[in-house]
Amino acid sequence: MLKGDFPVDRFRGLRTPFYYYDLPLLRRTLDAVQEQLDRNPDFRMHYAVKANFNPRILAEIASRGFGADCVSGGEVQAALDAGFAPERIVYAGVGKSDEEILLALRAGIARFNVESAAELEVIDSLAASMGCVAPVSLRINPDIGAHTHAGITTGLAENKFGINYEQLDEVMELALGLEHIRYCGLHFHIGSQILDMMDFTALCNRVNELVVRLQRGGRPVGDINVGGGLGINYQHPNHLPVADFGAYFDTFRRHLRLPQGTPVHFELGRSIVAPCGSLIARVLYVKQGTHKQFAIIDGSMTELVRPAMYRAYHRVENLTSDEPEEVYDVVGPVCESSDVFIKEFAMDRCRRGDFVAVRSAGAYGESMASRYNCHPLPEAYFFEG
Ligand code: LLP
């Protein structure tokens with residue numbers, strides 16, 4: 001959505017800050033994913049609910065027949081409420097509580113992505129108490145580094161996620177021996193905002209290695225879930241609004257060596273929803289500091305924590321002004337020095353009351369909002385197209 005396409009006149013009656021979602025862009029993105037799935041009949045998509053669980057967004061994605069990837073009982077429930085079929089819901093997480101496991105068993109989800117031997121035993125006993133069998137994949141920590149920021153790598157041995165791949169045989173033995181566990185496959189996830197396809201190639205090589213190891217040991221392989229992680233272009237939201245799904249899926253098609261017909265599951269979150277969302281805020285004050293000029297907006301780290309938490313880049317646009325650019329640190333009102341969206345950033349001259357859009361905020365924006373400083377949670381509005 002170009003600057004001039006934001007309906008600023010309609011924004012005037014709304015309380016800022018709020019999220020604004022471009023549904024036609026979400027639909028174009030989902031079409032692009034579907035086009036890839038049509039070319040690769042063994043590929044299955046489970047949208048990562050953590051990226052954005054706004055009911056309207058979830059319903060749009062569920063209507064495509066995609067599955068859901070969840071990391072809590074709350075997310076399983078949100079996915080069910082939005083219309084995702086339970087047999088397409090997968091559930092990962094290092095710390096599933098008994099209550100969450102029971103909810104997922106009752107719902108009849110497709111898969112528990114199990115992250116430790118201890119968890120396997122708990123799921124077995126809870127399934128026994130319900131007289132059912134739990135479908136399980138083993139989440140393996142592949143010890144693959146992803147070239148992204150340290151806060152969002154997940155597949156290194158030092159990260160808390162998954163079962164150390166050296167212990168695969170041992171845990172597999174346990175899984176196969178438990179009466180209320182049905183072993184179904186392997187699960188991986190190496191991190192997020194990954195733009196270097198070599199990282200995914202490295203994951204494919206690790207998967208191939210483990211598959212051969214299982215086959216040599218005469219063990220079942222089942223299906224393969226490679227997680228999510230495809231990045232988007234935060235620098236150019238207008239020129240490159242749809243992620244490079246072609247390069248991503250091609251990497252797996254070319255590098256995975258699996259028995260014919262093995263289903264391959266994907267759990268993309270960010271690349272599906274990030275581009276379609278903007279945080280809309282109003283300029284409260286422009287302040288000249290000793291060395292800097294600050295544009296103080298009413299949006300903050302409580303609505304969008306990514307810049308404060310990961311020093312993540314989000315492009316900021318002044319939607320109201322066409323005046324010559326000036327350089328600003330764009331900051332929020334929260335009592336934390338880290339409540340900064342962007343530093344030393346040139347944008348059209350700001351005046352009190354101008355609307356600004358913080359772009360590419362559809363993933364891990366609204367879903368990570370907090371009530372810090374007693375801020376209300378942000379509302380969401382939709383451009384229907
Ligand atoms: N599958 C698993 C097991 C995951 O842990 C994640 C994300 C995904 C799939 C989806 O990854 P995506 O396609 O969205 O990269 N809050 C951080 C990102 C945390 C990602 C956590 N796991 C951020 O704002 O950058």
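All ligand and atom numbering here is 1-based and tracks the order in the structure. Throughout, numbering of the chain's residues begins at 1 and tracks the sequence.
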Residue pair Gly277 / Tyr21: nearest heavy atoms and the distance that separates them: CA-CD2, 3.6 Å

Worked check of salt bridge (charged side-chain N to carboxylate O under 4.0 Å, His left out) between Asp354 and Arg349: CA-CA 9 Å; Asp354 284 355; Arg349 181 167 179 192; over 6 Å; no

Which segment of Ala51 sits under 4.0 Å of ligand 1 when only heavy atoms are counted: neither

His187, Glu267, His265: member with heavy atom nearest to atom 10 (C) of ligand 1: Glu267

Heavy atom of Met309, distance to ligand 1 below 4.0 Å: no

Among Phe43, Phe245, Phe266, the one residue meeting ring-ring contact (aromatic ring centres under 6.0 Å, His included) with Phe252: Phe266

Single hit among Asp69, Asp42, Asp223, Asn113 for side-chain hydrogen bond (donor to acceptor under 3.5 Å, both in side chains) with His265: Asp223

Ligand-residue contact atoms, ligand 1 with Gly228, heavy atoms, under 4.0 Å: 9 (C), 13 (O)

Side-chain donor-acceptor contact under 3.5 Å, Glu336 with Tyr372: yes

Proximal atoms of ligand 1 relative to Leu268 (non-hydrogen, under 4.0 Å): 13 (O)

Residue part near ligand 1, for Arg306, under 4.0 Å between non-hydrogen atoms: side chain

Hydrophobic cluster membership, Phe383 vs Val273, 4.5 Å side-chain cutoff: no

Stacked cation flag Lys96 on Tyr91, 6.0 angstrom / 45 deg: yes

Residue portion contacting ligand 1 (non-hydrogen atoms closer than 4.0 Å) for Val71: neither

Enumerated ligand 1 atoms positioned under 4.0 Å from heavy atoms of Gly229: 11 (O), 12 (P), 13 (O), 15 (O)

Best match, Gln193, His189, Arg270, Glu115: closest heavy atom to atom 11 (O) of ligand 1: His189

Modelled atom types, side-chain donor and acceptor of Asp339 and Ser300, under 3.5 Å: no

Min N/O separation Gly269 to ligand 1 under 3.5 Å: yes

More than 12 heavy atoms from other groups under 6.0 Å of CD on Glu384: yes

Where ligand 1 meets Ala48 - atom numbers and elements under 4.0 angstrom, heavy-atom basis: 10 (C)

Residue-ligand contact Ser271/ligand 1, heavy atom below 4.0 Å: no

Under 3.5 Å: N/O of Met368 near N/O of ligand 1: no

Geometric N/O contact Arg139 with ligand 1, under 3.5 angstrom: no

